[in-house]
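For reference, the structure is listed below as structure tokens.
Residue numbers start from 1 in every chain, and the chains themselves are labelled A, B, ... in the order their sequence lines are given, proteins ahead of strands. All values derive from a computational prediction rather than experimental measurement.
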Amino acid sequence: MVIIVQTVVDTFAGPVSVLIDEGRAVKISLGQVFEDVPTALVEPFYGIVKSYFEGRTKIIDFPVKIEGTEFLNKVWQEVRKIPYGSVRTYGQVAKIVGTSPRAVGLAMRLNPLPLYIPCHRVIAKSGLGGFGPGLEWKRFLLELEGVLL
DNA sequence: TCATAATACCGGA
DNA sequence: TCCGGTATTATGA
């Protein structure tokens, strides 16, 4: 029996839902609440996310379960090293992991855990680049971290 | 500015 | 396998 619940945090930008499977975050959704999953307030996920959106927590760290290809894991691991409040371009990340900017964009789109893997800190060389949940979220998050564009 | 190619990878058929 | 589709970028007119 696998237990899956979601914990929903109301933020200034909208609802943030963390999908939790056996004590580990498996998916985070910005602006969307899952209809078919029971909701519960689960710590530490709830507290950390809430604290992050209040600007008090700068490092998001809790148990997660990520599955991806070797390539995806490599990119995600690298993106996770980008500090709070700073950004990299798709090209810069690509250079580090030895791939192409386009492939980095793909890896970002496939990222199941935004916030934990701070894909909003990866932007295009000229401009914001894209963002699955909606560009507003990317702007919200960057503004929250004090990044001005 | 605008079109176009190069590029590395994913996912469906 | 092959092929279309990317949250890109560099280049040329």
Side-chain angles (χ1 to χ4, degrees), chain A residues 2-22 24-37 39 45-46 48-149:
Chain A
V2 181
I3 301 173
I4 296 188
V5 297
Q6 66 179 330
T7 196
V8 180
V9 182
D10 279 314
T11 77
F12 65 92
V16 172
S17 170
V18 183
L19 210 57
I20 300 153
D21 178 12
E22 295 177 323
R24 297 193 290 178
V26 293
K27 189 172 182 178
I28 296 178
S29 132
L30 271 26
Q32 189 197 9
V33 176
F34 300 96
E35 297 291 340
D36 49 347
V37 180
T39 299
F45 308 98
Y46 181 88
I48 289 177
V49 171
K50 185 165 187 55
S51 177
Y52 169 78
F53 275 91
E54 288 170 350
R56 293 187 287 107
T57 293
K58 297 195 185 331
I59 296 177
I60 293 194
D61 196 16
F62 42 57
V64 299
K65 182 169 68 177
I66 307 181
E67 11 196 295
T69 64
E70 187 181 345
F71 167 78
L72 290 177
N73 287 318
K74 203 157 97 176
V75 177
W76 292 339
Q77 185 180 349
E78 199 56 42
V79 169
R80 211 168 128 63
K81 294 180 187 168
I82 305 174
Y84 186 97
S86 63
V87 294
R88 302 280 184 277
T89 66
Y90 295 99
Q92 286 172 340
V93 176
K95 194 160 189 179
I96 296 173
V97 304
T99 184
S100 79
R102 204 83 200 264
V104 172
L106 181 61
M108 292 303 94
R109 185 168 63 82
L110 266 25
N111 166 24
L113 297 168
L115 302 187
Y116 180 85
I117 298 167
C119 51
H120 58 279
R121 297 182 191 139
V122 184
I123 63 179
K125 188 176 185 189
S126 47
L128 257 192
F131 204 65
L135 263 186
E136 326 83 70
W137 280 97
K138 196 166 187 173
R139 274 191 286 267
F140 287 147
L141 297 175
L142 288 175
E143 189 181 351
L144 171 67
E145 299 191 2
V147 178
L148 28 145
L149 305 171

Q) How many Å lie between CG on A:L72 and C1' on B:dA8, as a whole number? A) 11 Å
Q: Please determine, for B:dT7, whether a Watson-Crick or G-U wobble partner exists with both distances under 3.5 Å, and give it or none.
A: none
**Q.** Under-4.0 Å side-chain N/O to phosphate OP1/OP2 contact, A:T69 with B:dC10
**A.** yes
Q. Is there side-chain contact between A:L141 and A:L115, with at least one heavy-atom pair below 4.5 Å?
A. yes
Q) What integer distance in Å separates A:Y90:OH from C:dT8:P? A) 6 Å
Q | Shortest side-chain distance from A:T89, nucleotide among B:dT7, C:dT6, C:dT9 | A | C:dT9
Q: Between B:dT7, B:dC9, C:dA10, spot the one nearest the side chain of A:K125, thanks.
A: C:dA10
Q) Once you round it to whole Å, what is the distance between P of B:dC10 and CD of A:E70? A) 10 Å
Q: Could you say whether A:L106 or A:P101 is positioned toward the 5' end of DNA chain C, judged by the nucleotide with the nearest heavy atom to each?
A: A:L106
Q) Has A:E143 got more than 12 heavy atoms of other residues, nucleotides or ligands less than 6.0 Å from its CD? A) no
Q: Tell which nucleotide pairs with C:dA7, taking only Watson-Crick or G-U wobble pairs whose two distances are both under 3.5 angstrom.
A: none
(Q) Base, sugar-phosphate or nothing for A:G129? Non-hydrogen atoms, less than 4.0 Å. (A) nothing
Q) Please give, in whole Å, the distance from C:dT8 C1' to A:I96 CD1? A) 16 Å
Q. When the distance from CG of A:N73 to C1' of B:dC10 is rounded to whole Å, what number comes out?
A. 14 Å
Q. Does a side-chain N-to-carboxylate-O contact under 4.0 Å join A:E78 and A:R88?
A. no
Q. Side chains of A:L30 and A:F131: does their closest heavy-atom pair fall under 4.5 Å?
A. yes
(Q) In this structure, how many angstroms lie between the P atom of B:dA8 and the CZ atom of A:R102, rounded? (A) 13 Å
**Q.** A:K138 NZ to C:dA7 C1', straight-line distance once rounded to whole Å
**A.** 6 Å
Q: Verify the neighbour count for atom NZ of A:K58: are there more than 12 heavy atoms of other residues, nucleotides or ligands below 6.0 Å?
A: yes
Q: Determine the contact category for A:L110: base if any of its heavy atoms lies under 4.0 Å from a base atom, sugar-phosphate if only primed atoms, P, OP1 or OP2 are that close, otherwise nothing.
A: sugar-phosphate
**Q.** Spacing of A:I82 atom CD1 relative to C:dA7 atom P, expressed in whole Å
**A.** 18 Å
Q: Could you check whether A:F131 gets within reach of a base, just the sugar-phosphate, or nothing at all, counting any heavy atom under 4.0 Å?
A: base
